[in-house]
Number of protein chains: 2
Amino acid sequence: MDIQRPKNITIFDVAQASGVSYSTVSRVLNGFAFVKESTRLKVLEAAETLGYVANLQARSLAGGKSRVIGLLVPQLDNGYINEICRGIDQELVKAGYDLMLYTTHHEKDKEAKYVKAITNGLTDGLLLLVPLVQASYLAMLRSQNYPYVLIDQGDITGESSIVDATNRQGAYDATRYLLELGHRRIGFIAGIKEVNSTKERLEGFKAALQEYGLLLDETLIAQGFFDAESAIQATNLLLGLEPRPTAIFASNDLSAFGAMEAIRKANLRIPEDISVIGFDDIPQASITYPKLTTVRQPLDQMGRVAVKLLLEQIQNPDLEPRRVTLATQLVVRDSVRAFS
Amino acid sequence: MDIQRPKNITIFDVAQASGVSYSTVSRVLNGFAFVKESTRLKVLEAAETLGYVANLQARSLAGGKSRVIGLLVPQLDNGYINEICRGIDQELVKAGYDLMLYTTHHEKDKEAKYVKAITNGLTDGLLLLVPLVQASYLAMLRSQNYPYVLIDQGDITGESSIVDATNRQGAYDATRYLLELGHRRIGFIAGIKEVNSTKERLEGFKAALQEYGLLLDETLIAQGFFDAESAIQATNLLLGLEPRPTAIFASNDLSAFGAMEAIRKANLRIPEDISVIGFDDIPQASITYPKLTTVRQPLDQMGRVAVKLLLEQIQNPDLEPRRVTLATQLVVRDSVRAFS
DNA sequence: CATAAATTTGCAAGCGCTTGCAATAAGGAA
DNA sequence: TTCCTTATTGCAAGCGCTTGCAAATTTATG
């Protein structure tokens, strides 16, 4: 390229300006201990006046930390993911880290390839927010002792740090809430089968029913995929049942929205004719009409905690994997009413 | 760190495996023209079997392209931004680029600092999705001839590539629509003053009124900040007016949601008592009840076009700045009804 | 078949930074 | 004041890659 970019200010310039060697500058900038206070100040001042900004690639190439962490997500168009991202971002900013975002678009190979590129690449650590982690690259990450944290997903090996929420308890609470309000025929819209939270939520649902001595009617469980589309289908199925369920528990809010839409289209009222309860409490949940009663997952907090775990792991690579499970909470709004 | 990370596979390994020099490998990998087909194949095969993945830092440090582009956004919790991001992401993936995400959280200094770090850093180009671009770093970007594109924001100098939408026309259309339905007292919730789109939308609003020979009643224009909170305030103000407006035009959907909430709290019905129209058509707009009538901005498309412009600019740095203005479109749903 | 021209390839330098190790300066104890 | 520590600093190597330039190889031409 023949364009004349102004020469970047490097560590050498700072060194020259402050009359020390470049290694000393490097040490100052990296908060090294053995630097005389007076030199430290000199260097810092020079850096400031020159407007020096470190070159990340060089730093990271030379073996230093890049202060960038990678985040792997399936896609972006999803309140659930966005919320978690928000938490991640907040905490990262606080810690002075930058974010590299990788969207996999559900392409398996891409995930694996990304993980490879990422680990030999720029980032100091990796956050995985993909519904189905592939054991293969998890193993790879572990074998390289590369710091990573799984968000809202299990790892059978138990060797990964994980942040999730009390899915089972949350579903149990929601179901109990419906039961206490007199509902006995509760439709359940399940999520993607293989995903951890799907299973846990279904378990919680079943547990509550059992506790009430109710026999599980399998026809009341409809398959969904955590999105509105599939939930509409599922709801239509449920609405066709005889007798019709008096309440629907959707495995996540997106599904609940789908359910609401289907219900309205069937000319039924929410909650007068049928109650709806969701899971997640994404921001949209409070702007629907009626506002959605749902189980709140502290999504942003999950993101924040994940970052904390990751950063600690980066600090101390020998840390044992940990699992943090945050509490869910029933958020009562307007989409559920007592059945009598 | 004493952890023994397995040695990464470098370009040298590939060179050795294929029996050529490392520079040749580099040329092959970068699609250089002057390489014999047979060597090309040899190298490619070796790279494949070794599972070679280029080290981005090294590449970019050495002056090559990183195939990463930076995206600067104020924050993440916003359907509007998320939608644009989605478009950006889609197009980027298609082109084989990765995304580095920077959130400024509205801190001015941070923006400037980021821009600096970014340009001397990893990315090949920059997408700016910040409501108020600061002339200072825009100038800096330009002086370095660093490729960048502004999304949904103006630049007085006219020297930036820009992607935006027909704000004026959209607002005009929406207002006309209300007028044609018989509304004569239309409240307007404005956005952040300094922002380009705020002005354009207000202009469109006024233009339509004028065309109908209506005198502008300044009290009908309430100040908002593009968020629900401020819109609630603004709406309360408007509802207090005598006579009450029969419709409210919110400068964006978020504001419209705030308006809806305030209206409901005032025990008025939408659209029976008062109509509401928004701007943007973020995904939430279609799940509110009643579903929001709004002016659709092709947000994801804006993101995609921005990427295209940027990529072209990266390809050819001498390209003149261009401006692409995408058409908005009135989306009629359920929050507006005729006034008689 | 020799030789110039065109096509390929390899070498070396260098991108900006970290870090082990050696060198120097400073501080104490003798 | 001298010598041994200890605190600071500087040097040089090297992280993995691109690229200008020269060398080597091939092809075309007379």
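Only heavy atoms go into these numbers, but all of them, side chains included; no hydrogens, no water, no symmetry mates.
When rounded to the nearest whole Å, the span between NZ of A:Lys42 and P of D:dT8 equals 13 Å. Rounded to a whole Å, the CD atom of A:Glu37 is 11 Å from the P atom of D:dT9. Atom CG of B:Asn30 and atom C1' of D:dG16 are 13 Å apart (whole Å). A:Phe12 has its CZ atom 8 Å from the P atom of C:dC15, to the nearest Å. The distance from atom CZ of B:Arg27 to atom C1' of D:dG20 is 9 Å, rounded to the nearest whole Å. What separates CG of B:Leu29 from P of D:dG16 is a distance of 15 Å, to the nearest Å. When the C1' atom of C:dT18 is taken as reference, atom CZ of A:Arg67 falls 15 Å away, rounded to whole Å. Distance OH (A:Tyr22) to C1' (D:dG10): 7 Å, rounded to an integer number of Å.
Between A:Thr123 and A:Tyr146, the side chains place a donor N or O and an acceptor N or O closer than 3.5 Å (distance only, hydrogens not considered). Between the side chains of B:Ser23 and B:Ser26, no donor-acceptor pair of N or O atoms lies under 3.5 Å. Counting only N and O atoms by type, the side chains of B:Gln57 and A:Ser60 include a donor and acceptor under 3.5 Å apart. Side-chain polar atoms of B:Tyr148 and B:Ser161 form no donor-acceptor pair below 3.5 angstrom.
B:Gln75 CD: more than 12 foreign heavy atoms inside a 6.0 Å radius. Atom CD of B:Glu194 is surrounded by more than 12 heavy atoms from other residues, nucleotides or ligands within 6.0 Å.
For the segment residues 49-61 of chain B, residues with any heavy atom less than 4.0 angstrom from an atom of DNA chain D are, sorted by number, B:Tyr52, B:Ala54, B:Asn55, B:Ala58, B:Arg59.
In the helix from C:dC1-D:dG30 to C:dA30-D:dT1, the rotation axis of the first five pairs and that of the last five pairs differ in direction by 40°, rounded to 10 degrees.
Applying the 4.0 Å criterion to OP1 and OP2 of C:dT8, one finds that B:Thr24 has every side-chain N and O outside that range. Between B:Thr10 and the phosphate of D:dG16, there is no side-chain N or O to OP1/OP2 separation shorter than 4.0 Å. Regarding contacts with the backbone of C:dC11, every side-chain N or O of B:Ser21 stays at 4.0 angstrom or more from both OP1 and OP2. Contact between the side-chain N/O atoms of A:Ser23 and the OP1/OP2 oxygens of C:dT19 is not found at any separation under 4.0 Å.
Nearest-nucleotide assignment on DNA chain C puts the 5′-proximal partner with B:Lys36, out of A:Ile11 and B:Lys36.
Comparing D:dG10, C:dT9, D:dT9 by their nearest atom to the side chain of A:Val20 picks out D:dG10. Here C:dT18 is the nucleotide among C:dT9, C:dC21, C:dT18 with the atom lying nearest to any side-chain atom of A:Ser26. Distance from the side chain of A:Ala62 is smallest to D:dC15 among C:dG10, D:dT9, D:dC15. Closest to the A:Val35 side chain, of the nucleotides D:dT9, C:dT8, D:dG10, is D:dT9.
Of the charged side-chain nitrogens involved, none lies within less than 4.0 Å of a carboxylate oxygen, so that A:Asp155 and A:Arg323 do not count as a salt-bridged pair. Residues B:Arg40 and B:Glu37 are paired through a salt bridge, judged by an N-O separation under 4.0 Å between the basic side chain and the carboxylate.
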Side-chain donor-acceptor pairs of residues 78-86 of chain A under 3.5 Å, sequence neighbours excluded:
unit_1, atom_1, unit_2, atom_2, d
A:Asn78, OD1, A:Tyr80, N, 2.8
A:Asn78, OD1, A:Ile81, N, 3.3
A:Tyr80, OH, A:Asp152, OD2, 2.3
A:Asn82, ND2, A:Leu76, O, 3.4
A:Asn82, ND2, A:Asn78, O, 3.2
A:Glu83, OE1, A:Arg86, NH2, 3.2
A:Glu83, OE2, A:Arg86, NE, 3.1

Checklist entry - Is there a salt bridge (charged side-chain N to carboxylate O under 4.0 Å, His left out) between A:Lys42 and A:Glu45 once you walk through the steps? => result CA-CA 5 Å; A:Lys42 253 192 314 188; A:Glu45 193 192 314; over 6 Å; no
